[in-house]
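Okay, structure first, notes after.
In this text, all values refer to a predicted model and were calculated from it rather than measured experimentally.
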Amino acid sequence: MRELMLGNKAVARGLYEAGCSIISSYPGTPSTEITEEAAKYDEIYCEWAPNEKVALEVAHGASLGGRRSACAMKHVGLNVAADPLFTISYQGLNAGLVICVADDPGMHSSQNEQDSRHYALAAKIPMLEPSDSAEARLFAMKAYEISEQFNTPVFIKMCTRVSHSQSVVETAERVCPEQVPYVKDPTKVMMTANSRNAHVRVEKRTKDLAAFAETSDLNRVEMGDTSLGIITSSVSYQYAREVFGDNASYLKLGMVWPMPEKLIRDFAAKVGRVLVLEELDPFIENYCRQLGIPVSGKDIFPICGEFSQNLIRECMGLEVPKPLSIEDKIPPRLPVMCAGCPHRGIFYMLKKHKCMVYGDIGCYTLGAVAPLNAMDLNVCMGASCSGLHGFNKAMGEAGESNSVGVIGDSTFIHSGITGITDIAYNMSNSTVIILDNSITGMTGHQQNPTTGKNLRGEPAGKVDLEALCRAIGFDRVRVVDPYDLAAVETALTEELAAKAPSIIISRRPCVMIKGTVHKAPLKVREDKCVGCKSCMRIGCPAIAVRNGKAVIDTTLCIGCKVCTQMCKFDALESGED
């Protein structure tokens, strides 16, 4: 059966057809849909784990239990999973284990632009890199064959354009292998002699995998004009074919680690000039240079950002087609929190009190943009808690504290618990605001351990944030409604003045959660509006000023009434009236 599929959906289909039984993941753009699509198959148990480290450990445990398993994450999530990753590489498996990681060149929804291929090299784990949806399905299936043949986890590396583009996929029936019996093996305990022996095995495995790469159909040569030979992979292969067509020859690497030395040497010998085309770091290029092959690469193409057909043409000095353009000048659409977002009132108050705000990773990172400008920095998941503690220690706790950490409910479960434990344990004069919007918002509304529902929306165990914080050691824990600005200001003022570890939980569901009932849009009393623009200070996209008067966009306004608390002239009133 032929079907048009997203790359991520095709990966899920490949996992399904290969007989994967258990998937544990943490959502992260652009990887999220892999697990969401896999969850549509009743034959696969799928879950959202608290973080990527847990997800990989669960998947590895399932492999030891004899079932083919997988986990999925974005590139920065692989940093979190790195601790078990390196040891699992030594320890080996029982049934196949596939690790799906999706990079984000161009940083469409990420705080950095790291290249996950380095993890394959460092952890000594093979990595496959599909260039379209058909390969995404096929490579997912082949990954299990390689995993079980060589007793190793296998990476499937996606990128934003392959994950979120569509192409035709030929599907097949599911073939589920028999469960592999578990046999106790003392050598799997990674300590002293066992670990040393495992390292020797891994190095031999890498040599065997390199030999496998030489003849594997994952890598292929496409000969055309031999004056130019292009070594490439992933979506860069698609761009190269569109730009050069048959005016070049290609070595397409579907297995980007280990790389096939002889295949690369033979290809280079057949062409006049070798060009390495790859996004981000010169990973393939450096390997070719180590082999003594003269190549061009990052001396021509940028190391930062995404590639495109026209970028390649421009870098190669080729004619760039004139793009279609619209004569009318269209204003840019800046990123902004949604109308009625429960985080807006919190950030307004943080700005009003001129707080130093240690931010975190989530849609609330938009609190950093105008007109709120209320976030000083962010680093990674959970850093707001531990980073705030260090900041306050450095600033000196004898002085007046005016700094807070902000973190979402899903991010708090992911990595914030250990940070606030440090605050409570060391009696830090630090206030952390947990922005509990009852969902994992930024990646598309996935459930998490605080929502009381599992990945499929079924009832599940629910973390009690207040009880958890008190159990960790916080005596000061309070809950506020972020739509009530007076209550937010009171809580913030009192907790900052307390000079003690404290937690403020801002609780209000995300306005975009399916099924949420909104109030009628607000109305503007033009006879009372003086055009002071006070209502504009919260940066709600439903409010504008035209002809000196406030205007409400009724298609956006959800009647949260936060703006009414800004207006001294009672010019904003409920549409329900």
Side-chain angles (χ1 to χ4, degrees), residues 328-357 359 362-378 402 404 406 408 433 435 437 441-442 480-493 504 506-512 516 518-577:
D328 293 337
K329 193 169 183 179
I330 300 175
R333 181 185 182 276
L334 300 176
V336 64
M337 287 186 285
C338 302
C341 176
H343 306 325
R344 183 171 279 109
I346 293 289
F347 284 112
Y348 172 75
M349 281 301 166
L350 292 173
K351 179 181 182 180
K352 179 180 178 180
H353 286 263
K354 299 179 180 178
C355 293
M356 180 279 184
V357 180
C363 52
Y364 49 88
T365 308
L366 292 170
V369 302
L372 295 170
N373 303 112
M375 186 179 288
D376 289 59
L377 77 161
N378 68 329
N402 198 40
V404 301
V406 294
I433 303 175
L435 303 171
N437 66 348
M442 185 172 67
V480 296
D481 180 351
Y483 283 177
D484 186 343
L485 296 185
V488 171
E489 185 162 29
T490 297
L492 182 62
T493 303
I504 300 173
S506 168
R507 180 163 290 146
R508 170 71 70 159
C510 172
V511 297
M512 300 300 289
T516 301
H518 298 148
K519 295 181 180 179
L522 301 182
K523 295 181 179 179
V524 178
R525 288 282 304 272
E526 291 193 13
D527 58 323
K528 291 187 176 183
C529 179
V530 299
C532 67
K533 300 181 182 179
S534 291
C535 55
M536 297 290 289
R537 295 204 302 267
I538 56 172
C540 179
I543 308 173
V545 173
R546 294 186 191 135
N547 300 321
K549 301 286 184 178
V551 176
I552 300 293
D553 185 338
T554 57
T555 66
L556 294 177
C557 179
I558 66 158
C560 73
K561 299 185 181 179
V562 171
C563 60
T564 65
Q565 300 166 65
M566 317 278 297
C567 182
K568 298 178 181 178
F569 303 96
D570 296 325
L572 299 166
E573 61 183 24
S574 173
E576 294 173 350
D577 298 337

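- Closest non-hydrogen pair, Val369 versus Pro335, comes out as CG2-O, 3.7 Å.
- Residue Met356 qualifies as enclosed at atom CE: its count of foreign heavy atoms under 6.0 Å is above 12.
- Although no hydrogens or angles enter the test, the distance criterion places a donor-acceptor pair under 3.5 Å between the side chain of Thr490 and the main chain of Ala486.
- Rounded to the nearest 0.5 Å, atoms SG (Cys341) and CG (Asn437) are 7.5 Å apart.
- The side-chain heavy atoms of Leu372 and Met337, taken from C-beta on, include a pair separated by under 4.5 Å.
- A salt bridge is absent between Lys528 and Glu573: the closest approach of a Lys/Arg side-chain nitrogen to an acidic carboxylate oxygen does not fall below 4.0 angstrom.
- Between the Tyr348 side chain and the Arg537 main chain, no donor and acceptor come within less than 3.5 Å of each other.
- With contacts defined as side-chain heavy-atom distances shorter than 4.5 Å, the pair Ile504/Ile346 does not qualify.
- Between the Asn402 side chain and the His353 main chain, a donor and an acceptor come within less than 3.5 Å of each other.
- When all heavy atoms of Pro342 and Pro482 are compared, the closest pair comes out as O-CB, 2.9 Å.
- Residues Met536 and Met566 form no side-chain contact, since every pair of their non-hydrogen atoms from C-beta on lies 4.5 Å or further apart.
- The two residues Cys529 and Ala550 have their closest heavy-atom pair at SG-N, 3.4 Å.
- The minimum heavy-atom distance linking Ala339 with Ala542 is given by the pair CB-CB, 4.0 Å.
- With a 4.5 Å cut-off on side-chain heavy atoms, Ser534 and Lys568 do not count as touching.
- Between Val562 and Arg344, every side-chain heavy-atom pair lies at or beyond the 4.5 Å cut-off.
- Checking side-chain atoms of Lys561 against main-chain N and O of Ser574 turns up no donor-acceptor pair under 3.5 Å.
- Side-chain contact check for Leu572 versus Ile543: every heavy-atom pair is 4.5 Å or farther apart.
- Interatomic distance, Tyr483 OH to Arg507 CZ, rounded to the nearest 0.5 Å: 15.0 Å.
- For CG of Asn547, the number of neighbouring non-hydrogen atoms (other residues, nucleotides, ligands) closer than 6.0 Å is 12 at most.
- Checked by atom type and distance alone, the side chain of Arg508 never pairs as donor or acceptor with a backbone atom of Val480 at under 3.5 Å.
- Here Arg525 contributes atom CZ and Asp570 contributes atom CG; the two are 9.0 Å apart, rounded to the nearest 0.5 Å.
- Leu492 CG to Met349 CE: the interatomic distance, rounded to the nearest 0.5 Å, is 8.5 Å.
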Verdict with reasoning, Cys563 to Ile538, per side-chain contact (heavy atoms from CB on, under 4.5 Å): CA-CA 7 Å; Cys563 60; Ile538 56 172; 4.0 Å; yes
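- Rounding to the nearest 0.5 angstrom, the gap separating the CZ atom in Phe347 from the CD1 atom in Ile433 is 8.0 Å.
- Smallest separation of non-hydrogen atoms from Asn378 and Thr365: ND2-CG2, 3.8 Å.
- To the nearest 0.5 angstrom, Cys540 atom SG is 8.5 Å from Ile558 atom CD1.
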